[in-house]
> 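First, the structure itself, so that you have it in front of you.
Here is the naming used below: chain letters follow the sequence lines, and residue numbers restart at 1 for every chain. Note that these values count all heavy atoms, side chains included, but never hydrogens, waters or copies made by symmetry.
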Amino acid sequence: MTRIELDGVEKTFGSDQVVAGVDLTMPDGELTVLLGPSGCGKTTTLRMIAGLEQLSGGELRFDGQRMNEAPPERRRVGMVFQSYALYPHMTVAANLSFGLASRPNRGPRRRAKAQERARVLEIARLLEIDHVLDHRPRELSGGQRQRVALGRALIREPDVFLLDEPLSNLDANLRERMRMELARLHAELPITTVYVTHDQGEALTLADQLVVMHEGRIRQAASPALVYDRPADTFVAGFLGSPGMNLWTVPAAGPGGAGDRGDVRLASELLAMHGVGTEATTVGIRPEHLELVRGEPGLAARVRCQVRVVENLGSHLLVHAALASEPGSAVVVKLDVGSGVRRGDRIELGAREDHVHLFDLETTRRLEPAGRGGAVVVVAGDGAREAAGAR
Amino acid sequence: MTTVEQRAPVALAPVGEVGRPGWGHRPGSVKMARRIRSLKDHLVAYGLLSPAIVVFAIFFYLPAIYLVYISFFHWGVLSSATQFVGLQNFRRLFAQPLFWHSLATSGYYTLVMIPATVLLALGIALVLREAVTARRGGVWRAAVFLPHVTPVVATSIIWIWIFNPQFGLANFVLTSLHLPALGWLDTTAWALPAVMIDSLWHSLGLYVVIFLAGLANVPRDLVEVARLDGARRRRIFWRIIWPLLSPTTFFVVILATVNSWQAFSQIYTMTGGPHGGAGGPAFSTTTDSLLVYQTAFSFDHFSLASAMALVLFVIILVLTLLQKWISNKVVFYR
């Protein structure tokens, strides 16, 4: 049981700053997902926690104890590599027991061996690989290799469990099943877990705490629901969701009042609530939150656009459109199959007040409406925390 | 079928048969055209290979075959008469104590050289592995490889000076370490070890580079995961790196075996010259390959020397097959 703290952690390779001041607490027994595009520093952060990379700056603590200098073999960390890194020349049983047999004080040899065998069998049963214990890794399927890698990391009962894109080498079906099993495993063995992925599906379903990283910095760290519903900046808004949030930069207010922004019309109460006057700003609405407007009053945002492509995905239509006066802009919306929208149609879309997000044009940060309770949101920049609700 | 027939004239175009009447309508002609084409391709390929084939045939295969041939004859460069003698050359050979002595010397030389080569080359490669990834790593690699590029004869002459009992560097080092000075090339006990040191110095660079390549092929994440598994350096080496390196080690052992049995230039250079005929003192450095040379070129017994070389060939072949057989049990191929 371990709480992991990262305090201004930095990593530079030569003149390349890969991790640029990360502050993060991973609570005891929880599963933290580091999510971001490739090259965002998430794997490097994981490797620093494991001790495979030295910190260039800042401090790493396990339960308040500084770990910067501790070698990996002393950190009681179990890790699953993206490549699984199974010992190819050993059987599954030997792969599993290698860590047990590496302990410095094993005690009497014969008894230690018997205990190790029992433990191997126990963990193999838990992961349902007890029938392949005599096989070499190359004789196993992808899913079985994955389980062996998990078992090897778990067999020594680590304090910290690290997973580096563990599912990325599996095919889609197997990935979904293993994702569920990982969730089950974490529920059964509540070890502090750090999970690195670039797959937002995995991130949203598995995470207790979701950390979105970009260019070596944390853009937001919160519960998956909060990150999805209230993204801290335009990067998080566009990155999360499939497809990501629609983001439009709307010009300064026109003659029709503060809400008159060309093809986008915003309710003046909405603007006032966010402290926005007549200046240009960024508006964000998720594709699933836009709906065809049929004269309903009271919608906080309305968008006029022209349909370019309609994709029928069976369960819904994915409609790609452009703002009516700006052919280069993009509007993506999920609509009912029965909505009858066709290519070339001019349509008007609308969204409810709590589904409209406003972002500062310069800083790209979220503008939080006044009066809404603020959860702690970590935003990039100087690595400082701020209560987003304080705005 | 029609499409093939219609295509035939196109396929024939390079052979120059397009204009011939009725040509494209006979099914057999298509096959014929293909055959001509493939023959042409083969001719081009063999044409391009021929310089290499000719050189190899003249300088490697023909002499090797001729060697087997004359080992069954009485044959000399200066004597014109060639007479079939059957196995007589081999009988004479096996009756000669010096031949058995030379085999023992070669065996001793090989048995010392193989472990010394593997230990030193792997040790240096392990140290260098850290250094070559650092800045100027290439300089280290070049420095280790450099001796292998130098001519054996030239550097062996330098080693004669190093092993000079009166003012050589070797004895200077020994005496400064308060160890007794040695007679080196002048003594029967130390002449061969002196040659071994020269050979090791000369050949190690190659083996170090081979081991460096082998080490680079051991996946880094396996070593990392072993560290996370709590394994210390020694355990990681013996349980992870050593097994995964075994194909490389096997390759080095084979190369070292062949090179040791065939060692010649350094022995000839270091034990000849002012010391009289090579292989001394008192035949202590007369290895098999040196004896082959001397029998042929000093005593003009070419057929006897050929028989000797054939035996040497068989020994190396058997050793290599033996190693191959052992390797199937201990070498791990991914």
> Is the number of heavy atoms from other residues, nucleotides or ligands under 6.0 Å of A:Gln65 CD greater than 12?
no

> Report the option among A:Arg47, A:Arg136, A:Met79 that has the most heavy-atom pairs separated by less than 4.5 Å from atoms of chain B.
A:Arg47

> Looking at A:Ala149, A:Ala101, A:Ala50, which has the largest count of heavy-atom pairs under 4.5 Å with chain B?
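When all of A:Ala149, A:Ala101, A:Ala50 are compared, A:Ala101 has the most.
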
> Is the shortest heavy-atom distance from the side chain of A:Arg152 to the side chain of B:Asp229 under 4.5 Å?
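Touching, per the 4.5 Å side-chain cut-off.
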
> Between A:Arg156 and B:Leu228, which heavy-atom pair has the shortest distance, and what is it?
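Here A:Arg156 and B:Leu228 meet closest at NH2-O, 3.3 Å.
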
> Would you name the heavy atoms of B:Glu224 and A:Phe81 that are closest together and state the gap between them?
OE1-CE2, 3.4 Å

> For a quick test of reading the model, state the closest non-hydrogen atom pair linking B:Ala226 to A:Tyr87 and the distance between them.
CA-OH, 3.2 Å

> Measure distances from B:Arg220 to the heavy atoms of chain A and classify the residue's part below 4.5 Å as side chain, backbone, both or neither.
side chain

> Step through the shown structure and confirm whether more than 12 heavy atoms of other residues, nucleotides or ligands are within 6.0 Å of CZ on A:Phe13.
yes

> Please say whether more than 12 non-hydrogen atoms of neighbouring residues, nucleotides or ligands are located less than 6.0 Å from CZ in B:Phe251.
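For B:Phe251, atom CZ is not crowded (no more than 12 foreign heavy atoms under 6.0 Å).
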
> Does B:Trp201 CH2 have over 12 foreign heavy atoms under 6.0 Å away?
yes

> Does CZ belonging to B:Arg234 count more than 12 external heavy atoms closer than 6.0 Å?
no

> Quick one: does B:Trp242's side chain get under 4.5 Å of A:His89's, heavy atoms only?
no

> Taking CZ in B:Arg233 as the centre, count heavy atoms belonging to other residues, nucleotides or ligands within less than 6.0 Å. Is the count above 12?
no

> Closest approach of B:Gly230 and A:Glu73, non-hydrogen atoms and distance?
CA-CB, 3.7 Å

> Would a 4.5 Å heavy-atom cut-off, applied to side chains only, mark B:Ile240 and A:Phe98 as touching?
yes

> Atom OG in A:Ser102, atom CZ in B:Arg239: separation rounded to 0.5 Å?
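Between A:Ser102 OG and B:Arg239 CZ, I get 8.0 Å after rounding to 0.5 Å.
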
> Non-hydrogen atoms of chain B under 4.5 Å away: do they reach the side chain of A:Leu100, the backbone, both or neither?
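For A:Leu100, neither part sits under 4.5 Å from chain B.
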
